[in-house]
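The structure appears right after this line, and notes come after that.
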Amino acid sequence: MRPKITYYGHSCFSIEISGKSILFDPFITPNPKASMIDVSTIQPDLILVTHGHGDHIADLVTIAKQCKAQVISAYEIIEWLSDQGIKNGLPMNIGGTINLGFCKIKMVKAEHSSSFSDGSYAGNAAGFIIQSNDCCFYYAGDTALTMDMQLIPLSYNLDFSFLPIGDNFTMGVEDAVKASKLIECKKVIGMHFDTFPPIEIDHKHAYDSFSDGGINLILPLINQTFEL
Ligand code: NI
Ligand code: MN
């Protein structure tokens, strides 16, 4: 089955694999560009959270409560959720893998920071590699280009990857092209771009830069569902 992906803006996607839906980094209601999305209709089976910054967790508590999805994130974020009554979290840390039956999830390093809006510690920023019968993909979270990415293709044959491309807070386009080469992935879905003025990008330049590197870039439209 081909994975079906819906874009909710910024770095928030849901992806359907093996009949289950996984939501990444829910940030919707504070994003004026995603105002057409009704958060109450989002009912994932699983929520994956890369770090504690507001632009990745703004709607986490609401969605986790409404759908009773399991939440996978850093130990510190799962503790924080537990304090708010969300008890079905699965804590992980970098380097660990868990097997959920329908997929295996590995938490990998991201070169970024992670704190809650009050400044308290939210663990290490992370990315995830998801492996199912349908596909294997990398969701990088917020990260700089880092040599650690070279480790990924030693163990995984990625079908596609979600990479930040907005620059300023994460990699920009040029570094994301280099990252695609380090991870040996030819199909990239761009994220973390255009939401705020500092991360606005030139779409044509982005498409050209990736295609010059032999990589197929997808810049998703908000509220769009597409198959890979
Ligand atoms: Ni961040
Ligand atoms: Mn961010």
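All values below come from the heavy atoms of this structure, side chains included, with hydrogens, waters and symmetry mates left out. We're numbering straight along the sequence, starting at 1. For ligands, and for the atoms within them, numbers begin at 1 and follow the listed sequence.
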> Closest heavy-atom contact between Asn124 and Ala74?
Replying inline: O-CB, 4.3 Å
> Using the ring of each side chain (for Trp, its six-membered ring), is His56 parallel, tilted or perpendicular to His51, with breaks at 30° and 60°?
Replying inline: tilted
>> For the OG1 atom of Thr195 and the CZ atom of Phe193, what is their distance to the nearest 0.5 Å?
In response: 7.5 Å
> How far apart are the C-alpha atoms of Lys109 and Thr146, what are their side-chain angles, what is the distance that settles it, and do they pass the side-chain contact (heavy atoms from CB on, under 4.5 Å) test?
Replying inline: CA-CA 9 Å; Lys109 203 176 163 190; Thr146 157; 5.6 Å; no
> So how many protein N, O or S atoms does the Mn ion (ligand 2) have within less than 2.8 Å?
Replying inline: 4
> Ion pair present between Lys4 and Glu227, side-chain N to carboxylate O less than 4.0 angstrom?
Replying inline: no
> Counting heavy atoms not belonging to Met36, are there more than 12 under 6.0 Å from its CE?
Replying inline: yes
>> Restricting to under 2.8 Å, identify the protein N, O or S atoms around the Ni ion (ligand 1) as residue plus atom.
In response: His51 NE2, His53 ND1, His112 NE2, Asp142 OD2
>> Under the side-chain contact (heavy atoms from CB on, under 4.5 Å) test against Gln70, which residue among Ile22, Leu46, Ile47, Asp45 passes?
In response: Leu46
>> Within this structure, what is the OH-CZ distance for the pair Tyr139 and Phe128, rounded to the nearest 0.5 Å?
In response: 9.0 Å
>> Out of the candidates Phe137, Tyr138, Phe226, only one should pair with Phe160 under the ring-ring contact (aromatic ring centres under 6.0 Å, His included) rule; please name it.
In response: Phe137
